Amino acid sequence: MEVLKDRREGEALGRRDDTMCYGKCARGIGHSLVWLAVLSIVANILLYFPNGETKYASENHLSRFVWFFAGILGGGLLILLPAFVFIGLEEDDCCGCCGHENCGKRCAMLSSGLVAVIGILGSGYCIIVAALGLAEGPRCLNSLGQWNYTFASTEGQYLLDTSTWSQCVEPKHIVEWNVTLFSILLALGGIEFILCLIQVINGVLGGICGYCCSRQQQYDC
């Protein structure tokens, strides 16, 4: 009887350790996503102020894709939501989620996987808008004195030919500004997408494989 009891206790402890491992992974992803979301928001805000000037935004002389809020909404707010959910998974609360005892750890891990889908949609939106912004190029004043999308017809080939960037007269260095910041948003969105996808897998595995509350632990709750 003692051997059987010890074996059951060992199995319960092992299941708890597995779930705690999945929870630690989720919290690690959550903390990473917070920083990535903050960087995305900052990069998106900088797109509104070429060379630190505000007049181009007020005069509507910015790329239309700047107004799609790819970094603020997609790579920012829609990433912060699942990030805080991941961080909120209690490490030592085996029978509860964020202090609520009526939510089991398995349910919490499965829910975190579902919430991660929101992050996938947000980061995917950020990636698409950033890619379109790069392909179309900035709205700028050309040598003919016209405000237009000078590189729209190049289908993104201008990115490989930096000698053509001088066609944009104003704002100064707008091509470098847009290419740098949209590239940053593209990279950040890609990393966020991968992390959220990992959390979907982690949440499913944690919910299915990471049994936490054994019968004895349920009575303790």
Side-chain angles (χ1 to χ4, degrees), residues 29 32-84 115-200:
I29 291 175
S32 298
L33 287 176
V34 168
W35 287 108
L36 291 170
V38 171
L39 291 175
S40 293
I41 292 173
V42 171
N44 197 157
I45 292 176
L46 289 176
L47 281 169
Y48 294 103
F49 308 108
N51 303 318
E53 300 181 56
T54 60
K55 65 177 182 178
Y56 301 110
S58 60
E59 295 173 359
N60 196 27
H61 289 325
L62 298 177
S63 168
R64 59 175 176 168
F65 290 107
V66 172
W67 302 102
F68 282 33
F69 306 108
I72 295 175
L73 178 61
L77 298 180
L78 290 180
I79 293 297
L80 288 175
L81 174 60
F84 288 133
V115 174
V117 176
I118 297 176
I120 290 177
L121 295 176
S123 58
Y125 175 75
C126 182
I127 291 171
I128 293 173
V129 173
L132 291 174
L134 281 173
E136 186 174 62
R139 176 180 170 85
C140 64
L141 182 68
N142 61 23
S143 56
L144 300 177
Q146 299 176 333
W147 285 94
N148 57 24
Y149 292 94
T150 305
F151 307 107
S153 61
T154 67
E155 298 181 350
Q157 294 300 314
Y158 78 96
L159 294 169
L160 305 176
D161 188 3
T162 58
S163 63
T164 62
W165 294 5
S166 59
Q167 294 179 27
C168 280
V169 178
E170 189 181 351
K172 292 183 178 180
H173 308 295
I174 185 60
V175 181
E176 293 90 338
W177 188 267
N178 267 35
V179 169
T180 300
L181 293 175
F182 273 126
S183 295
I184 290 174
L185 286 176
L186 186 63
L188 292 174
I191 297 173
E192 291 170 344
F193 186 92
I194 293 173
L195 289 177
C196 289
L197 184 60
I198 291 174
Q199 179 51 32
V200 170

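What you see is a predicted model, and the numbers here were worked out from it, not measured in a lab.
With contacts defined as side-chain heavy-atom distances shorter than 4.5 Å, the pair L47/L185 qualifies. Side-chain contact between C140 and V169 is absent, with no heavy-atom pair separated by less than 4.5 Å. Side-chain atoms of L62 and P50, non-hydrogen and from C-beta on, do get closer than 4.5 Å to each other. Counting heavy atoms from C-beta outward, S32 and L195 have side chains that approach closer than 4.5 Å. Taking the side chain as every heavy atom from C-beta outward, F69 and L77 never approach each other to under 4.5 Å. Looking only at side-chain heavy atoms (C-beta outward), N148 and N142 come within less than 4.5 Å of each other. The closest side-chain heavy-atom distance from L78 to Y125 is not below 4.5 Å. Within the 4.5 Å cutoff, the side chain of S183 has heavy atoms near those of the L134 side chain.
The line from CG of L46 to CH2 of W177 is 5.5 Å long, rounded to the nearest 0.5 Å. One distance of note links CD of E192 with CD1 of I120; it measures 11.5 Å at 0.5 Å rounding.
Using cut-offs of 30° and 60° on the angle between ring planes, the pair W147 and Y56 is tilted.
Residues that satisfy the side-chain contact (heavy atoms from CB on, under 4.5 Å) test with F49, not counting sequence neighbours, are I45, T54. For F68, the ring pair (Phe, Tyr, Trp, His ring centres under 6.0 Å) test picks out F65, with sequence neighbours left out.
When all heavy atoms of Q199 and I29 are compared, the closest pair comes out as OE1-CD1, 3.6 Å. Closest approach of Y149 and E136 over heavy atoms only: CE2-OE1, 3.6 Å. A pairwise comparison of heavy atoms in C196 and I79 identifies SG-CD1, 4.2 Å as the closest pair. For V129 against F182, the heavy-atom pair with the smallest separation is O-CE2, 4.5 Å. Between C126 and G75 the shortest heavy-atom distance is CB-N, 3.8 Å. The shortest non-hydrogen separation linking A116 to V200 is CB-CG2, 3.6 Å.
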Next item on the list: Apply side-chain contact (heavy atoms from CB on, under 4.5 Å) to the pair C168 and F151, showing each step before the final yes or no.
Entry: CA-CA 9 Å; C168 280; F151 307 107; 3.7 Å; yes
